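Everything numeric here is computed off the predicted structure, so don't read it as measured data.
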Amino acid sequence: MQNKFLNIDCLDEREGLPSYPDNFFDLAIVDPQYKIGASKPSKKGTKCKQKNGTILHVKESDYGKKTWDDNLMPNRYFQELKRVSKRQIIWGANYQNFPLRGGRLVWDKVNGASDQYDCEIAYLSWTLRTEIVYFMWNGMMQGLYPTRDIRKAWRQQGNKSLNEKRYHPTQKPVALYKWILEEYAQPGDTILDTHVGSASSLLAFDLLGFNYHAFEIDVEIYQAAAGRLKQSKKPTLFLAGSSST
């Protein structure tokens with residue numbers, strides 16, 4: 001199966017979720033909007049002190065005003081998502097109006113006294129367990145790898161120039177998606193992502209050899225994600241502007 005990354009509404013009748021047969025995907029890993037104002041402009045710091053005391057200057061990230069987080073996804077989205085996929089991992093399980101009863105994955109960001117959210121929570125459709133993974137994701141402070149061992153979670157990337165570059169205000173790390181695949185996906189799974197954003201998920205899919213279909217409705221975000229994804233060697237069908245709204 002050829003991978004697909006489409007610049008359309010994932011609920012588009014012709015090419016979106018309604019066009020797929022039941023249980024087409026083995027696993028959906030999705031991160032829909034939460035309606036918490038995340039698409040408002042925000043700027044990140046440009047200086048970071050490294051372990052050796054030197055100051056590293058980094059390019060300022062300035063995310064322009066968008067509207068993608070102004071509204072929640074309708075219940076129809078969740079109905080379609082569960083129809084076309086056998087299992088689901090859905091970020092934002094702690095936010096309003098997400099009709100999700102099941103297990104939970106808690107990502108602890110190990111961000112200490114930061115004013116940012118301490119953790120994010122995803123729904124796991126196939127279990128009632130609550131599980132946790134630690135991975136430092138606090139501005140320029142990024143962990144070495146995700147782990148279930150809190151004692152190892154404080155180990156951070158010493159050279160901040162090696163940090164993952166930020167493309168999106170609510171970006172999740174590629175390393176986190178790789179961990180999720182290693183923990184929850186099965187070899188040969190076909191995976192769905194309905195809200196690609198920065199393409200961290202797709203990069204992880206490529207790195208571990210999973211086939212996927214994916215969607216991003218915003219043209220500018222799609223273009224940035226497609227550019228990042230083209231670093232991968234795995235062929236992908238890019239459909240920019242197809243049925244986009």
Side-chain angles (χ1 to χ4, degrees), residues 1-34 68 72-93 98-100 102-105 107 120-127 168 170-174 176-218 221-222 225-226 228-229 232 234-240 242-245:
M1 184 191 79
Q2 184 176 24
N3 294 336
K4 290 184 180 181
F5 182 23
L6 284 68
N7 176 211
I8 64 171
D9 184 339
C10 66
L11 290 176
D12 181 88
E13 293 290 339
R14 292 177 295 171
E15 299 174 274
L17 300 186
S19 69
Y20 287 87
D22 293 356
N23 296 320
F24 182 86
F25 298 98
D26 299 293
L27 177 64
I29 307 177
V30 300
D31 192 10
Q33 63 264 30
Y34 311 150
W68 52 262
L72 290 167
M73 295 300 290
N75 283 344
R76 174 172 169 257
Y77 164 76
F78 297 98
Q79 293 167 357
E80 283 293 302
L81 184 67
K82 291 190 173 186
R83 182 187 65 80
V84 302
S85 58
K86 300 171 186 175
R87 299 186 300 149
Q88 303 86 36
I89 299 174
I90 306 175
W91 288 105
F98 277 22
L100 307 173
R104 296 291 187 267
L105 171 65
W107 166 33
E120 295 195 30
I121 302 175
Y123 161 78
L124 305 176
S125 67
W126 62 89
T127 183
H168 192 277
T170 61
Q171 181 170 327
K172 290 179 172 61
V174 174
L176 177 65
Y177 279 105
K178 287 177 63 179
W179 182 91
I180 288 172
L181 293 169
E182 290 165 351
E183 289 288 316
Y184 301 122
Q186 301 297 322
D189 276 357
T190 298
I191 304 181
L192 167 68
D193 187 348
T194 58
H195 295 74
V196 165
S198 67
S200 290
S201 59
L202 306 192
L203 284 171
F205 301 163
D206 276 347
L207 287 169
L208 296 186
F210 287 95
N211 291 321
Y212 61 82
H213 286 185
F215 304 88
E216 172 56 54
I217 191 173
D218 185 281
I221 294 175
Y222 174 87
R228 187 184 186 201
L229 187 61
S232 170
K234 195 165 185 179
T236 299
L237 176 61
F238 294 95
L239 297 177
S242 176
S243 301
S244 180
T245 57

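Side-chain contact between Leu207 and Leu181 is absent, with no heavy atoms from C-beta onward closer than 4.5 Å. Using a 4.5 Å heavy-atom cutoff, the side chains of Cys10 and Ile217 are not in contact. For the pair Tyr20 and Leu192, the minimum side-chain heavy-atom distance is 4.5 Å or more. Residues His195 and Phe215 have side chains not in contact (no heavy-atom distance under 4.5 Å, counting atoms from C-beta outward). The shortest side-chain heavy-atom distance between Val196 and Leu229 does not fall under the 4.5 Å cut-off. Contact annotation: the side chain of Tyr77 approaches that of Val30 to within less than 4.5 Å [non-hydrogen atoms, C-beta and beyond].
Here the CG-OG1 distance, from Leu6 to Thr194, works out to 12.5 Å after rounding to the nearest 0.5 Å. A distance of 4.5 Å separates CD1 in Ile191 from CZ in Phe205, rounded to the nearest 0.5 Å. The line from CG of Leu203 to CZ of Arg228 is 5.0 Å long, rounded to the nearest 0.5 Å. Separation of atoms CZ (Phe238) and CG (Asn3) is listed at 9.0 Å; rounding is to 0.5 Å. Rounded to the nearest 0.5 Å, atoms CH2 (Trp107) and CD1 (Ile121) are 12.5 Å apart. If you take CG on Leu81 and CG on Asn75, they are separated by 12.0 Å, rounding to the nearest 0.5 Å.
In terms of heavy atoms, Ser19 sits closest to Arg14 at CB-O, 3.3 Å. In terms of heavy atoms, Ala185 sits closest to Leu27 at CB-CD2, 4.0 Å. Looking at every heavy atom in both residues, Gln88 comes nearest to Ser125 through N-OG, 2.9 Å. The nearest pair of heavy atoms linking Ile221 to Gly197 is CG2-O, 3.4 Å. A pairwise comparison of heavy atoms in Ile180 and Ile29 identifies CG2-CD1, 4.1 Å as the closest pair. The minimum heavy-atom distance between Tyr123 and Ala93, with the atom names listed, is N-CB, 3.7 Å.
Residue pairs meeting the salt bridge (charged side-chain N to carboxylate O under 4.0 Å, His left out) criterion with at least one member in residues 176-188, sequence neighbours excluded: Arg148-Glu183. Applying the salt bridge (charged side-chain N to carboxylate O under 4.0 Å, His left out) test to every pair with at least one member in residues 17-29, sequence neighbours left out, gives these pairs: Asp22-Arg83, Asp26-Lys86. Sorted by first then second residue, the salt bridge (charged side-chain N to carboxylate O under 4.0 Å, His left out) pairs that include residues 185-197, not counting sequence neighbours, are Arg87-Asp189.
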key: Phe25 vs Asn211, side chain to side chain contact (heavy atoms under 4.5 Å, CB included): CA-CA, chis, key distance, verdict   = CA-CA 10 Å; Phe25 298 98; Asn211 291 321; over 6 Å; no

| request: Evaluate the side chain to side chain contact (heavy atoms under 4.5 Å, CB included) criterion for residues Met73 and Ile90: first the C-alpha distance (whole Å), next the side-chain angles of each, then the deciding distance (0.1 Å), finally the verdict. | output: CA-CA 12 Å; Met73 295 300 290; Ile90 306 175; over 6 Å; no

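In this structure, Lys82 places its NZ atom where more than 12 heavy-atom neighbours from other residues, nucleotides or ligands lie under 6.0 Å away.
Side chain of Asn7 to backbone of Glu216: a donor-acceptor contact under 3.5 angstrom is found. A donor-acceptor pair is defined here as one N or O able to donate and one able to accept, closer than 3.5 Å; such a pair exists between the side chain of Ser200 and the backbone of Lys172. Between the side chain of Tyr222 and the main chain of Phe5, a donor-acceptor pair closer than 3.5 Å is present.
Listed by chain and number, the residues in a side chain to side chain donor-acceptor pair (under 3.5 Å) with Gln2 amount to none (sequence neighbours excluded). Every side chain to side chain donor-acceptor pair (under 3.5 Å) that Thr236 has, sequence neighbours left out, goes to Tyr212. In terms of the ring pair (Phe, Tyr, Trp, His ring centres under 6.0 Å) criterion, Tyr177 has no residue partners (sequence neighbours excluded).
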